[in-house]
Protein chains: 2
Amino acid sequence: MCDLVEFRHLKYIAAVAETGNFTRAAERLFLAQPSLSKQIKELEDGIGIQIFVRHHDGVRITPAGQMIVSYAIEAVKTRNEIIQAARAVHGGTIPVLRIGFSCFVQQDVLRSLSEAYASLFPGCSMQFSGGDPVQILHRMEAKSLDAAVLPLPINGEQWTVEPVASAPLVVCMRADDPLAQQTEIQPPELAERLKIFRNPEAHSEAHARLMEMLTEIGITPDVACLATTPTDIQWMVQSSSGLALIDQKTPLDPRLTTRPIANVNWTADTAFVHPLSAEHPALPVLIRHLRKVNGSKPAKHTHRRKYANDLQMKLLA
Amino acid sequence: MCDLVEFRHLKYIAAVAETGNFTRAAERLFLAQPSLSKQIKELEDGIGIQIFVRHHDGVRITPAGQMIVSYAIEAVKTRNEIIQAARAVHGGTIPVLRIGFSCFVQQDVLRSLSEAYASLFPGCSMQFSGGDPVQILHRMEAKSLDAAVLPLPINGEQWTVEPVASAPLVVCMRADDPLAQQTEIQPPELAERLKIFRNPEAHSEAHARLMEMLTEIGITPDVACLATTPTDIQWMVQSSSGLALIDQKTPLDPRLTTRPIANVNWTADTAFVHPLSAEHPALPVLIRHLRKVNGSKPAKHTHRRKYANDLQMKLLA
DNA sequence: TTCGGCCATAGACAGAAGCTATCGCACCTT
DNA sequence: AAGGTGCGATAGCTTCTGTCTATGGCCGAA
């Protein structure tokens, strides 16, 4: 019974809904108006759903019709994207997918992206290139990169942003730092010694957001040291004994350790980003896959965070 | 060019892929085998993608074909669900959607579910009924409820589970409790006084999971008081001065307060649940909507948790 | 009243999807 | 080696249906 509904009908429905008018929709579809009217009428009769209410000056959409209209627009778009991608896969004409990434993005995020791509597009290759978020966004605008994996926030309407990872933001310190005796760091303790930051030039929005968050808990830090890589940050922590905020999943120099900040629930979030005007045929399919995988997380039961390290275990014993 | 691909083709492709055999697929589709072969061949030629490799003993699927096959199966299913739902909306034959919920589910989750349903299915009504998770699962099995909003975990293969909310699990205590002087509760402090629990009979899996989590951090609590509602729990905390673990978003008696547990990241998760064999025509559409809304969270920048209450602010000042 | 915009109806035609019958091919059995 | 079996491809015909042009009806504006 649903088999009466073909993509042709969905295209017609979308056109009528968007023009609000059978005549103009027919023009847009390069179709005679009676053909269009007849098709839609027969469909409505066939499935027993009135989609449009005909008026002398155009059409209105019924509530049930609205469901079908929304679906129609999305379904036609999806079909076209899938077919384009599949044809590119078949023809072996999928261009290398050029991905930019910030060095602050964890390796495992890049690895799982890479694996997802390899399984969706077997035999197709990716090219990763690192850089500052600012520079990477510029390169995407200049079309020399197709997409990127970057820390949030990313502002601007021209980007499609799909979050892919999130980890607590923790305080990084020397393992022999007095603060390492504590299991959590209080904001006032942090305020005095937080001096090491990512270079704001590399990602000004992220820096601004971090400052805003610090202000909210009454900290106005002394931005003394600017680093451009996680390694630099760790080296600065090690040598200057200052504190830094880092992603909990960052691989850590053994002489360093991390502690959570008390009373806040800050996270370092990472997203897959590409220009709205994406051209690479794999992107729509890849984004759809990321959304599916990420959307329904395996949250079958409450999560837990294991103790971050042995030292904390000892302190609690 | 993609317009050659119609739902008819997708159905045929799915059937061939699932049977691995044109002949048997044709039987399943009540179609003559030459018609099927011809349709698929013309489609492959038309879009320029070879989907199947014909062998003397059946067919194999090409990599590009696999993309299309997966898509085909999903797309046909989606179409049917949408049309069924739309027809029910149009005919005004959408039965009342009977939702069960546990009283441990936060009101705002139920409210946003209710709003989503009202906008997707205007004019259609829902019926909420509260109860124990165990009892609600039974009522869903007995078909006297269509779906439910319940705390996780929900075990068993017969359920479709879509997480819809998550909040930290915190320690509930009297505001005048000595522990309320601290900003975080250490597990050993919790171990001594954690006595108040939800009744295990109401949701044995959740109780078991909580016990397991407590064991992981070395706590074997004395399960002294069993409550069946958040209000009961709060009354017990107030009167017995014991501690309880509750969802941070629970509306709190003003004489009580909550504190996070140090070093763990436990959450109380809530999910929309319905039987795999769901019959209510709105459910597939509703679930699809929940997944879309929930999947791409507005995680445009790093999240923060505001201080839970004024007292904590004072302690930090 | 008349004109113009919009949708519905009618009838003709071409193309596409379906059917039956048959062929070709590879493999298996005897 | 010969014949049987299972599977897909091809050919030719029929039926159905999607499209076209032409036209009619309705309503509001000029």
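Here is how names work: the chains are called A, B, and so on, in the same order as the sequence lines, proteins then strands, and each is numbered from 1. Since we're looking at a predicted model, the values are computed, not measured.
Ion pairing of B:R8 with A:D3 is absent here, as no side-chain N (NZ or NE/NH1/NH2) approaches a carboxylate O to less than 4.0 Å. Between B:D57 and B:R54 there is no salt bridge, since no side-chain nitrogen of the basic residue lies less than 4.0 Å from a carboxylate oxygen of the acidic one.
Note on ring orientation: taking the six-membered ring where Trp is involved, the planes of B:F128 and B:F101 are perpendicular (angle over 60°, cut-offs 30° and 60°).
Judged by a 6.0 Å distance limit and a 45° cone about the ring axis, A:R79 is positioned over the six-membered ring of A:F7.
Residue A:S37 places at least one side-chain N or O under 4.0 Å from the OP1 or OP2 atom of C:dA8. For the pair A:R54 and D:dC26, the criterion of a side-chain N or O lying under 4.0 Å from OP1 or OP2 is not met. Distances shorter than 4.0 Å separate none of the side-chain N or O atoms of A:T23 from OP1 or OP2 on C:dG5.
Atom CG of A:L43 and atom P of D:dT19 are 13 Å apart (whole Å). One can place CZ of A:F52 at 16 Å from C1' of C:dA8, the figure rounded to the nearest angstrom. The interatomic distance linking A:E42 (CD) with C:dA10 (P) rounds to 12 Å, in whole Å. Rounded to whole Å, atom P of D:dT19 lies 17 Å from atom NZ of A:K41. Taking atom CD1 of residue B:I40 and atom P of nucleotide C:dA16, one finds them 18 Å apart after rounding to whole Å. Rounded to whole Å, atom C1' of C:dT9 lies 14 Å from atom CG of A:D45. The CG atom of A:N21 sits 11 Å away from the P atom of C:dG5 (whole-angstrom rounding). The interatomic distance linking B:L36 (CG) with D:dA9 (C1') rounds to 12 Å, in whole Å.
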- Could you write nucleotides 20-30 of chain C as a row of B, S and -, 5' to 3', where a protein heavy atom under 4.0 Å of any base atom gives B, of only sugar-phosphate atoms gives S, and otherwise -? BB----SS---
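Checking D:dG18, D:dC7, C:dC6 against every side-chain atom of A:Q39, the shortest atom distance belongs to D:dG18. When distances run from any side-chain atom of B:L31 to the nucleotides C:dC19, C:dC7, D:dG8, the shortest one goes to C:dC19.
B:K38 comes within 4.0 angstrom of a nucleotide base, judged by non-hydrogen atoms across all strands.
At a non-hydrogen distance threshold of 4.0 Å, nothing from residues 2-14 of chain B comes into contact with DNA chain D.
Looking at residues two or more places apart in sequence or on another chain, you find a ring-ring contact (aromatic ring centres under 6.0 Å, His included) between A:F121 and A:Y117.
A donor atom on one side chain and an acceptor atom on the other are found under 3.5 Å apart for A:K143 and A:S277. If you check the side chains of A:Q33 and A:S37, you find a donor sitting under 3.5 Å from an acceptor.
Under a cut-off of 6.0 angstrom, the local environment of NZ in A:K77 is sparse, with at most 12 non-hydrogen atoms contributed by other residues, nucleotides or ligands. With a 6.0 Å radius and a threshold of 12 heavy atoms from other residues, nucleotides or ligands, B:Q158 has its CD atom above the threshold.
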